[in-house]
J.: 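Got a structure here, written out as structure tokens. Questions coming.
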Amino acid sequence: QVQLVESGGGSVQPGGSLRLSCAASGYTYSSNYMGWFRQAPGKEREGVAAIDTGSGSTYYVDSVKGRFTVSQDNAKNTVYLQMNSLKPEDTAMYYCAAGRIPKYAGAWLMAWRYNGWGQGTQVTVSS
């Protein structure tokens, strides 16, 4: 089983930036995707971004395209989410997840496909 630990959350003003990290350990070979999800109070968990750890291909939900960048450091078994131009609506608990995801459009957005989850890190965007 894979273990995931997120870090890097915090409070920023609108327009600010944060970089989230997700360190993976354990049986990481069973996963081919690493995803970032977020959940705001009273809302469902939604997919934000993902990376195919084999090819390096990246995927984003429309609301973060051009502002967020997902990347990986294979030597450190770590995935990052660089978040720029943050908006109040980005406020949420952010989770990283690992799973074996089929390679068809939109599959990475389905939280139920991921079998490893971190504990979450809070991101608050407020003036």
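As the structure is a computational prediction, the values presented were derived from the model and not from experiment. In this chain, numbering begins with 1 at the start of the sequence shown.
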J.: Taking atom CD of Glu44 as the centre, does the number of heavy atoms from other residues, nucleotides or ligands within less than 6.0 Å exceed 12?
T.: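 It does not: Glu44 CD has 12 such atoms or fewer within range.
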J.: Mind checking whether Tyr59 and Val70 have side chains closer than 4.5 Å, heavy atoms only?
T.: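 No. Closest side-chain heavy atoms not under 4.5 Å.
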J.: Which heavy atom in Ser63 sits nearest to a heavy atom in Arg38, and how many Å separate them?
T.: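 So the two residues come closest at OG-NH2, 3.6 Å.
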J.: Just grab all the disulfide (SG to SG under 2.5 Å) pairs involving residues 33-89, residues at least two apart or on different chains.
T.: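 Checked against disulfide (SG to SG under 2.5 Å) - neighbours excluded - no pair reaches residues 33-89.
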J.: Kindly give the heavy-atom pair with the smallest separation between Phe37 and Tyr114, and that separation in Å.
T.: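 That would be CZ-CE1, 3.4 Å.
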J.: Give every residue pair that meets the disulfide (SG to SG under 2.5 Å) criterion with at least one member in residues 97-127, sequence neighbours excluded.
T.: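 Those involving residues 97-127 do not exist here.
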J.: Looking only at heavy atoms, what is the nearest atom pair of Trp36 and Tyr80, with distance?
T.: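 Minimum heavy-atom separation between Trp36 and Tyr80: NE1-O, 3.7 Å.
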J.: In the hydrophobic clustering that connects Ile, Leu, Val, Met, Phe, Trp and Tyr at side-chain heavy-atom distances below 4.5 Å, which members other than Met110 occupy its cluster, ordered by chain and number?
T.: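 Once heavy-atom contacts under 4.5 Å are chained together, Met110 belongs with Tyr104, Trp112.
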J.: What disulfide (SG to SG under 2.5 Å) pairs are there with at least one residue in residues 73-127, not counting sequence neighbours?
T.: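 Only Cys22-Cys96 qualify under disulfide (SG to SG under 2.5 Å).
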J.: My understanding is that only residues two or more places apart in sequence, or in another chain, count here; which of them pass side chain to side chain donor-acceptor pair (under 3.5 Å) with Lys76?
T.: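 Lys76: no side chain to side chain donor-acceptor pair (under 3.5 Å) contacts found.
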J.: Excluding sequence neighbours, so at least two apart, what forms side chain to side chain donor-acceptor pair (under 3.5 Å) with Asn77?
T.: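 Scan of Asn77 (side chain to side chain donor-acceptor pair (under 3.5 Å), adjacent residues dropped) gives none.
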J.: Using the salt bridge (Lys or Arg N to Asp or Glu O under 4.0 Å) rule, collect all pairs that involve residues 96-107, keeping only residues at least two apart or in two chains.
T.: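 Non-adjacent pairs meeting salt bridge (Lys or Arg N to Asp or Glu O under 4.0 Å): Asp52-Lys103.
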J.: Could you go step by step and tell me if Met93 and Tyr95 meet the side chain to side chain contact (heavy atoms under 4.5 Å, CB included) rule?
T.: CA-CA 7 Å; Met93 185 71 79; Tyr95 301 88; 3.4 Å; yes
J.: Would you find a donor on one side and an acceptor on the other, under 3.5 Å apart, between the side chain of Thr58 and the backbone of Ile51?
T.: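 Flag not set: sc Thr58 to bb Ile51 has no pair under 3.5 Å.
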J.: Under the side chain to side chain donor-acceptor pair (under 3.5 Å) rule, what pairs show up with a residue in residues 10-21, not counting sequence neighbours?
T.: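 Those involving residues 10-21 are Ser17-Asn84.
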J.: Could I get the full list of side chain to side chain donor-acceptor pair (under 3.5 Å) partners for Arg67, not counting sequence neighbours?
T.: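 Asp90.
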J.: Evaluate the side-chain proximity of Tyr94 to Met83: yes if any heavy-atom separation is below 4.5 Å, no if none is.
T.: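 A side-chain contact exists here, since the closest heavy-atom pair is under 4.5 Å.
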J.: Could I get the full list of side chain to side chain donor-acceptor pair (under 3.5 Å) partners for Ser57, not counting sequence neighbours?
T.: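 Partners of Ser57 under the side chain to side chain donor-acceptor pair (under 3.5 Å) test: Ser55.
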J.: For residues 41-76, which residue pairs qualify under disulfide (SG to SG under 2.5 Å), counting only residues two or more places apart or in two chains?
T.: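 For residues 41-76, and leaving out neighbouring residues, there are no disulfide (SG to SG under 2.5 Å) pairs at all.
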J.: Between the side chain of Glu6 and the main-chain N/O of Gln119, is any donor-acceptor distance below 3.5 Å?
T.: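 Between the backbone of Gln119 and the side chain of Glu6 there is a qualifying donor-acceptor contact (under 3.5 Å).
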J.: Among all residues two or more places apart in sequence or in another chain, which pass the salt bridge (Lys or Arg N to Asp or Glu O under 4.0 Å) test with Lys65?
T.: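 With sequence neighbours excluded, Lys65 shows a salt bridge (Lys or Arg N to Asp or Glu O under 4.0 Å) to Asp62, given in chain and number order.
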